[in-house]
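Have a look at the structure below, then the notes.
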Amino acid sequence: MGNRVADRVVLLGGSMCGLLAARVLADAFAEVVIVDRDDLTDVTGPRRGVPHGRHAHGLVARGHQILEGHFPGLTEQMRAAGVEPGDFNGDIRWYVNGRRLKPSRSGLVSVPATRPVLEHHVRRRVRNIPNVVFMEGYDVAGLATTPDGGTVTGARIQRRAEGSREEVLDADLVIDATGRGSRTPVWLADLGYARPEEERVTIGLAYTTRHYRLRSDPFGDDLAIIPAPTPDHPRGAFFYKLPGYGGRIELSLTGMLGDHPPADPEGFEAFARSLPVPEIYEAIRDAEPLDDPVTFRFPASVWRHYERLGRFPERLLVMGDAVCSFNPLYAQGMTVTALESLTLRRHLASGRLPRPAAFFRDVAANVRGPWEFSAGADLGYPGVEGRRTPRTRLANAYVARLQSAAVHDARLGDAFIRAAGLIDPPQALLRPANVARVLRHMWRRPAEDDAVTRAVRQSDAVADV
Ligand SMILES: Cc1cc2nc3c(=O)[nH]c(=O)nc-3n(C[C@H](O)[C@H](O)[C@H](O)COP(=O)(O)OP(=O)(O)OC[C@H]3O[C@@H](n4cnc5c(N)ncnc54)[C@H](O)[C@@H]3O)c2cc1C
């Protein structure tokens, strides 16, 4: 154990955020207790508490690096279990507006496990940490506090079994990692605190997912085929080999602004047929379905600004989707959670309990870049409501140009994968070498939009983005 901070920390929620936080907390507390309403032991498939786990989940590159740092050998552990890692730009077929980005070896590892399989492997590692205890099948009912509500002293929990009674689990620190449905705003109000302000970007997104056994092989050596949604082609898909492949695949179809992929088999196939690339529909039309399509609706991205609160109880923190749930199309959620686990480690390094205000300030810094990247890109869809600053418009116009150029220029594809993978900040796309490549490509082709072309060429404006 590193710098011992206190005796017991209780994590509300044992999903990706809870697990990554537990890894870090185990170095600082005598006991880490994870409370979750689901049974987690040996679960390798979807579960009730994580309904989004049925749908495509990619761990972007920075998240993979952090997970491998927390759990050395995790990638090999998954490979031994049938997960086939590959290169993010070399082994995934990315399409933008129906055109394939030029592949190259980015050196960034993609681990195409399904979400439940990834979580299972991480949970296996956390279970091996001797001072981590799982309390499965318990509902979190609320917080226990000092009489004045100034300090959290534990959690009120109840076993999901007939006749069980609420009990209090004492803790030196409680961390809410219960995801998007977190009750902390309500608990704060009940204790007489303000709720955090919520920033929302309404996107009307839905995923509909089905699994198949294919009769043909559209992948070759590739791991996945991903037509990314864009304002010109808002329908998208994630088409992945399942671990152990044998022709089994996961297909998540995605639609924005109420254009939802249907869950009836005919409607699902028709939606797949409408994608701007034919190979997905061609692969599934005579494939054997392994289940029925299932839909998950995601009305809005939500950021709860805990860092703006003037008053907050001591010994309580909030992390993961409970703070910010991002548009899942950009695959940032698990990686931001991983970044927050590093923030937590930094705050524990002093040997004292983290102070909520300072912690939330740093979590907001983890969230801000990815939020601006995804919420800014969402504003490129005319139907998404929100204020479009000149900076947002210019950034979206530039990224569209960059993606178009990346069809011919693998270096630009790599640059984009690095920014989307949270390895480089989005501003890296504006490095002079990248801007020069984008402009070179634009000059080679007739400009489709003179206003945008002019805007992008104004280097002083570009430098401000
Ligand atoms: C459709 C979809 C696709 C996504 N795709 C990606 C992707 O490709 N890449 C990516 O990085 N991220 C993706 N995400 C986001 C990702 O799922 C989350 O960021 C990630 O799961 C971290 O969430 P979390 O652990 O904070 O919360 P959750 O995963 O929501 O987990 C919350 C946990 O708390 C438990 N819980 C909740 N309430 C209670 C209670 N009252 N009592 C007891 N237990 C409780 C639940 O059982 C659950 O285990 C996607 C999200 C969605 C919706």
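First listed ligand is number 1; within each ligand, the first listed atom is number 1. For the numbers below, each heavy atom of this structure counts, side chains included, while hydrogens, waters and symmetry mates do not.
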Can you find an N/O atom of G58 closer than 3.5 Å to an N/O atom of ligand 1?
yes
Taking atom CZ of R297 as the centre, report whether more than 12 heavy atoms of other residues, nucleotides or ligands fall under 6.0 Å from it.
no
Can you tell me which residue and heavy atom of the protein come closest to atom 5 (N) of ligand 1, and the distance to 0.1 Å?
A56 O, 3.4 Å
Taking the inter-plane angle between the rings of Y240 and F238 on a 0 to 90° scale, is it parallel (under 30°), tilted (30 to 60°) or perpendicular (over 60°)?
parallel
What protein heavy atom sits nearest atom 28 (P) of ligand 1, and how far away is it?
S15 OG, 3.5 Å
Start with the C-alpha distance between E197 and R308, add both sets of side-chain angles, then the distance that settles salt bridge (Lys or Arg N to Asp or Glu O under 4.0 Å), and finish with yes or no.
CA-CA 8 Å; E197 284 170 36; R308 293 184 188 162; 2.6 Å; yes
For atom 51 (C) of ligand 1, find the nearest protein heavy atom and state the residue, atom name and distance (0.1 Å precision).
P328 CB, 3.8 Å
Here the atoms of ligand 1 under 4.0 Å from any heavy atom belonging to A177 are 32 (C), 33 (C), 34 (O)
Got the closest protein heavy atom to atom 48 (C) of ligand 1, with its distance?
D36 OD2, 3.4 Å
Any nitrogen or oxygen of R180, main chain or side chain, under 3.5 Å from a nitrogen or oxygen of ligand 1?
no
Give the residue and atom name of whichever protein heavy atom lies nearest to atom 44 (N) of ligand 1, and the separation in Å to one decimal.
R37 N, 3.1 Å
Among all protein heavy atoms, pick the one closest to atom 25 (O) of ligand 1 and tell me residue, atom and distance.
C17 N, 2.9 Å
Short N/O distance, under 3.5 Å, between T337 and ligand 1?
no
Over-ring placement of R180 relative to F298, 6.0 Å and 45° cut-offs
yes
Any T337 side-chain heavy atom under 4.5 Å of M319 side chain:
no
Is the shortest distance from a heavy atom of R47 to ligand 1 less than 4.0 Å?
yes
Going by the order shown, which atoms of ligand 1 are within less than 4.0 Å of some heavy atom of G320?
26 (O)
The test is salt bridge (Lys or Arg N to Asp or Glu O under 4.0 Å); show your working for R355 and E314 and say whether it passes.
CA-CA 7 Å; R355 305 304 304 267; E314 288 300 321; 3.0 Å; yes
Under 3.5 Å between some N or O of ligand 1 and some N or O of V140?
yes
Can you find an N/O atom of M319 closer than 3.5 Å to an N/O atom of ligand 1?
no
P218 versus A283, closest heavy-atom pair with distance:
CG-CB, 3.7 Å
Under 4.0 Å from ligand 1, counting heavy atoms only, is it the side chain of A141, its backbone, both or neither?
neither
Looking at ligand 1, is there an atom of it that comes within less than 4.0 Å of some heavy atom belonging to D139?
yes
Go through the steps for E119 and R47 under the test salt bridge (Lys or Arg N to Asp or Glu O under 4.0 Å), then give the verdict.
CA-CA 11 Å; E119 191 182 307; R47 58 188 178 86; 2.8 Å; yes
With a 4.0 Å heavy-atom cut-off (strictly under), which part of S182 contacts ligand 1: side chain, backbone, both or neither?
neither
With heavy atoms under 4.0 Å as the rule, classify the contact between R115 and ligand 1 as side chain, backbone, both or neither.
side chain
Given the ring of Y193, does R311 sit roughly above its face, with NZ or CZ under 6.0 Å from the centre of the six-membered ring and within 45° of the axis?
yes
Return the residue, atom name and 0.1 Å-rounded distance of the protein heavy atom closest to atom 26 (O) of ligand 1.
D321 N, 2.9 Å
Considering only NZ, NE, NH1 and NH2 on the basic side and carboxylate oxygens on the acidic side, decide whether R346 and D362 come within less than 4.0 Å.
yes
Enumerated ligand 1 atoms positioned under 4.0 Å from heavy atoms of G333
10 (C), 11 (O), 12 (N), 19 (O)
Quick one: look up the protein heavy atom nearest atom 53 (C) of ligand 1 and list residue, atom name and how far away it is.
H52 CB, 3.3 Å
For V50, which part has a heavy atom under 4.0 Å from ligand 1: side chain, backbone, both, or neither?
side chain
Aromatic ring centroids of F359 and Y306 under 6.0 Å?
no
Please test S182 against D176 for side chain to side chain donor-acceptor pair (under 3.5 Å), starting from the C-alpha separation and ending with a verdict.
CA-CA 7 Å; S182 155; D176 178 4; 2.6 Å; yes
Does ligand 1 have a heavy atom under 4.0 Å from the side chain of Y138, from its backbone, from both, or from neither?
backbone
Parallel, tilted or perpendicular: rings of F373 and F416 (30°, 60°):
tilted
Any atoms of ligand 1 less than 4.0 Å from a non-hydrogen atom of A331? List them with their elements.
7 (C), 8 (O), 9 (N), 10 (C), 11 (O)
Cation-pi check, R127 to F134: give yes when NZ or CZ is under 6.0 Å from the six-membered ring centre and within 45° of the ring axis, no otherwise.
yes
